[in-house]
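To start, the structure under review is shown below, and the notes come after it.
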Number of protein chains: 2
Amino acid sequence: MPEDRPYHHGNLREALLDAAIRLIAKVGPAGFTLREVARRAGVSHNAPYRHFRDKDELLAAVGTQGFRELKQAMLRAAESQTTSLDRLRRSGRAYVSFALRRPEHFTVMFDAPISKAANPEYNEAGQQAFATLVSFIEMCQREGRLPPGDPLPPALVAWSLVHGIAKLAVAGRFPFRSKADVLKFAERAIDGFLPALAHAE
Amino acid sequence: MPEDRPYHHGNLREALLDAAIRLIAKVGPAGFTLREVARRAGVSHNAPYRHFRDKDELLAAVGTQGFRELKQAMLRAAESQTTSLDRLRRSGRAYVSFALRRPEHFTVMFDAPISKAANPEYNEAGQQAFATLVSFIEMCQREGRLPPGDPLPPALVAWSLVHGIAKLAVAGRFPFRSKADVLKFAERAIDGFLPALAHAE
DNA sequence: ACCTGAACACCGTTCAAGT
DNA sequence: ACCTGAACACCGTTCAAGT
């Protein structure tokens with residue numbers, strides 16, 4: 001496959017995304033600057049504007065990437081399971097595990113002030129990730145492991161729990177010493193919590 | 001009480017804190033700038049350095065204020081209740097209600113990159129708020145409404161749930177149309193969830 | 001004590017220009 | 001098509017100076 005290589009990069013867009021993630025990992029999404037991203041990608045400070053309308057659009061692209069990876073991680077974690085309840089359990093664990101593995105993406109996805117209206121791909125990817133969780137709830141309902149009815153309330157409760165665990169863990173608010181300990185805690189929390197979903201109405 | 005009024009303000013520190021919160025409410029903690037805060041307080045761009053070492057210390061002061069108000073809100077909500085389980089329930093509701101009432105404080109408290117080591121007051125205030133939750137768990141244990149043992153695991157699970165609800169609500173990820181609806185959802189989630197705390201081990 | 005203006009090294013974004 | 005340097009209006013922070 002022949003590589004068209006205009007100027008510096010075969011694919012500057014990807015190079016910029018990579019550089020952005022590495023920079024966010026180093027200085028956080030607050031200290032993140034477009035000019036430093038360009039520097040790290042080896043281009044001038046306004047080359048990024050050929051690929052992203054502004055700083056927000058680059059952040060939105062990072063968020064979109066994150067939501068797509070999160071969805072895949074949830075699906076993959078559920079795949080190997082046989083019961084609907086186990087699929088739900090494992091997808092919740094995968095949510096927390098994703099946040100620990102990609103804290104920069106996770107932070108951008110939920111804390112960066114990204115306009116959903118101005119970034120439809122970002123919005124769509126976020127909704128798809130949530131739809132994945134809803135589908136696991138519906139599976140449980142069809143198999144009679146959760147009471148029938150609107151799957152939205154129990155989905156929101158389940159989301160809240162794993163999101164809270166993920167957020168607090170990433171923010172360093174937990175007294176656990178390793179990611180493995182966080183995941184063990186998450187598993188226990190999810191287990192104890194599945195019966196409660198039945199009462200979410 | 002006689003007001004010493006040096007130069008522009010009787011209390012520039014308070015004026016700066018107020019201006020900071022109003023500015024964060026308007027542009028978010030990302031768009032927040034020290035120079036604009038000074039402008040809003042009617043002083044020159046570096047007058048703030050007389051009261052705060054740098055931008056981070058001003059943010060830390062906002063966070064500290066938030067944690068103290070959160071602790072008070074939890075205590076006040078619990079006060080009127082007679083059973084330990086109701087006190088726990090109401091303090092959880094108060095947590096979510098605080099986040100909805102003071103979203104700027106809540107965001108700064110948990111998402112701003114504030115060094116705990118460099119800001120001991122901030123760290124202390126955060127720990128005290130958490131200690132308040134732990135004390136409600138212990139009360140339930142003493143009254144036999146929760147199984148005895150280390151109160152930390154159930155406290156962390158309870159915290160995760162209300163924190164997740166608060167975060168997602170403030171981030172606008174919920175399909176609810178009013179704060180009242182969010183609070184109703186939070187109440188139901190907490191109720192369904194109290195039995196699960198027993199299994200947190 | 002508390003405040004100021006000038007200065008420095010940065011930003012995000014725009015624009016005219018280069019290949 | 002993709003990239004560049006200069007320019008503009010901003011930052012956070014420092015410093016010498018004023019009352």
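Numbers restart at 1 for each chain; the letters A, B, ... are given by sequence-line order, proteins then strands.
- Rounding to whole angstrom units, CD of residue B:Glu36 and C1' of D:dT13 are separated by 18 Å.
- Following rounding to the nearest Å, B:Lys55 (NZ) and D:dT13 (P) show an atom-to-atom distance of 8 Å.
- Of the nucleotides present, none pairs with D:dC10 by Watson-Crick or G-U wobble criteria with both distances under 3.5 Å.
- Of the nucleotides present, none pairs with D:dC3 by Watson-Crick or G-U wobble criteria with both distances under 3.5 Å.
- For the segment residues 45-54 of chain B, residues with any heavy atom less than 4.0 angstrom from an atom of DNA chain D are, sorted by number, B:His45, B:Asn46, B:Tyr49, B:Asp54.
- Nearest to the side chain of B:Val43, among C:dT4, C:dG12, D:dG12, sits C:dT4.
- Distance alone, capped at 3.5 Å, places no donor-acceptor pair between the A:Ser97 side chain and the A:Arg93 backbone.
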Worksheet entry | Working for side-chain hydrogen bond (donor to acceptor under 3.5 Å, both in side chains), residues A:Gln65 and A:His105 | CA-CA 8 Å; A:Gln65 205 177 76; A:His105 282 88; 3.1 Å; yes
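- Classified by interplanar angle (parallel below 30°, tilted 30° to 60°, perpendicular above 60°), the ring pair B:Phe106/B:Phe98 is perpendicular.
- Exactly one residue among A:Trp159, A:Tyr95, A:Phe136 makes a ring-ring contact (aromatic ring centres under 6.0 Å, His included) with A:Phe130. That residue is A:Trp159.
- Under 3.5 Å, the side chains of A:Ser84 and A:Asp86 contain no donor-acceptor pair of N or O atoms.
- Per the geometry, CG belonging to A:Leu16 stands 12 Å off C1' belonging to D:dC3, to the nearest Å.
- Within the 4.0 Å cut-off from OP1 or OP2 of C:dC11, at least one side-chain nitrogen or oxygen of A:Arg39 is found.
- Taking only side-chain atoms of A:Arg35, from C-beta outward, the nucleotide of C:dC11, D:dT4, D:dG12 with the closest atom is C:dC11.
- Counting only heavy atoms from C-beta outward, the side chains of B:Ile24 and B:Thr107 never approach each other to under 4.5 Å.
- Under the 4.0 Å criterion applied to side-chain N and carboxylate O atoms, B:Lys184 and B:Asp181 are assigned as salt-bridge partners.
- Following rounding to the nearest Å, A:Leu59 (CG) and C:dT13 (P) show an atom-to-atom distance of 10 Å.
- Remark: C1' of D:dA1 and CG of A:Asn11 are 14 Å apart, rounded to the nearest angstrom.
- Under the Watson-Crick or G-U wobble criterion, with both distances below 3.5 Å, D:dA17 has no partner in any strand shown.
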